[in-house]
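Since the structure comes first, as structure tokens, the remarks are kept for the end.
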Amino acid sequence: MSVLVGYDTRLVVQGMSGSTGAFHTKQAIEYGTRVVAGVTPGKGGMKVAGLEQIPMYDTVDEAVQLAGANASVIYVPPPAAADAILEAAAAGIELIITITEGIPARDMVRVKSILERDYPYVQTVGPNCPGVITPGQCKIGIMPGYIHKPGGVGVVSRSGTLTYEIVHQLTSLGLGQSTAIGIGGDPVKGMDFIDALALFADEPGTSSIFMIGEIGGDSEERAAQFIKDNVKKPVGAFIGGQ
């Protein structure tokens, strides 16, 4: 069991023709992720070296209609990343994971406003995040897959590197993970701790939760209150920084 991503995920990679997008697309495929399409405007039909089997389209709408994509990951450069998120939402994608860092906060404020108004059913993760992985099923993002192990611990984190450290320690102790979600540390982002905690609380395959926070903002405090009021499963937490 898992949340957000799994065997049924059919991924379109926005920015697959770039070096970063191509590299991590190959890593995702090697892990077992079902990548069904790539999108770069103006490059529809091209073959990306090492990914010749993945069709390239000009738009996300084509990837949805022709390849059945139901999730997107964004490696688009910062100036165009906000529009890429909105394009995916308009095409009917219901899970959008944005790896790109450096997106202006003003752009993300606009994106959040439009998503909340026009696409309330869309779940977004990021930007500036490592992505989401359900061990043994689906890896979307830049995390090293080999440190993860299938199991019952749900992991949610603001920090990419701390995620890897905690997951590695959990795996070393024999504690596998149901899903690990890197929400990113930007001040304006999609999914926050409470959203992820709610998913894990309702997911029968998750037996416990580990939350990794950082200093700055009040997300951790609000998450603690949510846990107290709503989460019956065991929760461990670590806050990095001083």
Compile the donor-acceptor pairs under 3.5 Å between side chains in residues 102-112 and protein atoms, sequence neighbours left out, one pair per line.
unit_1, atom_1, unit_2, atom_2, d
Arg110, NH2, Asp83, OD1, 3.2
Lys112, NZ, Lys189, O, 3.0

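- Using a 4.5 Å heavy-atom threshold, the side chains of Met56 and Met16 count as touching.
- Residue Asp58 qualifies as enclosed at atom CG: its count of foreign heavy atoms under 6.0 Å is above 12.
- With Asp195 contributing its side chain and Asp192 its backbone, the two residues share a donor-acceptor pair below 3.5 Å.
- Lys233 has its side chain out of reach of Ser208: every pair of non-hydrogen atoms, C-beta onward, lies at least 4.5 Å apart.
- In summary, the side chains of Ser72 and Glu87 do not present any donor paired with an acceptor at a separation below 3.5 Å, with no hydrogens or angles considered.
- Counting only distance, with no hydrogens or angles, the side chain of Lys149 and the backbone of Gly136 share no donor-acceptor pair below 3.5 Å.
- A distance-only check finds no donor-acceptor pair linking the side chain of Arg158 to the backbone of Gly184 [under 3.5 Å].
- The closest donor-acceptor contact from the side chain of Gln123 to the backbone of Glu94 lies at 3.5 Å or more, if one exists at all.
- Using a 4.5 Å cut-off on side-chain heavy atoms (C-beta onward), Val156 and Phe210 make no contact.
- Here the side chain of Thr171 pairs no donor or acceptor atom with the backbone of His168 at under 3.5 angstrom.
- Using modelled atom types and a 3.5 Å distance limit, the side chains of Gln225 and Glu221 yield no donor-acceptor pair.
- Taking Asn70 as the reference, nothing meets the side-chain hydrogen bond (donor to acceptor under 3.5 Å, both in side chains) condition, with sequence neighbours excluded.
- Side-chain contact check for Val48 versus Ile54: every heavy-atom pair is 4.5 Å or farther apart.
- In Tyr146, the OH atom is not crowded: 12 or fewer heavy atoms of neighbouring residues, nucleotides or ligands sit closer than 6.0 Å.
- Side-chain contact between Val5 and Ile133: absent, with no pair of heavy atoms (C-beta onward) separated by less than 4.5 Å.
- Side-chain atoms of Thr163 do not come within 3.5 Å of backbone N or O of Ser157 as any donor-acceptor pair.
- Looking only at distances, a side-chain donor or acceptor of Thr33 sits under 3.5 Å from a matching main-chain atom of Ala28.
- We find the CD1-CD1 distance between Ile212 and Ile166 to be 4.5 Å, quoted to the nearest 0.5 Å.
- For the pair Thr179 (side chain) and Val3 (backbone), a donor-acceptor distance under 3.5 Å is present.
- A salt bridge does not link Lys139 with Glu30: none of the charged nitrogens is closer than 4.0 Å to a carboxylate oxygen.
- Counting heavy atoms from C-beta outward, Ile29 and Gln53 have side chains that approach closer than 4.5 Å.
- With rounding to the nearest 0.5 Å, the separation of CD in Gln177 from CD1 in Ile209 is 14.0 Å.
- Between the CG atom in Leu115 and the CG atom in Leu86 there is a gap of 6.0 Å [rounded to 0.5 Å].
- Side-chain contact between Pro144 and Tyr164 is present, with heavy atoms from C-beta onward closer than 4.5 Å.
- No side-chain donor from either of Gln137 and Thr134 sits under 3.5 Å from a side-chain acceptor of the other.
- Atom CD of Glu101 is surrounded by 12 or fewer heavy atoms from other residues, nucleotides or ligands within 6.0 Å.
- With a 4.5 Å cut-off on side-chain heavy atoms, Met46 and Ser17 count as touching.
- Side-chain contact, Thr59 with Glu62: a donor N or O sits under 3.5 Å from an acceptor N or O.
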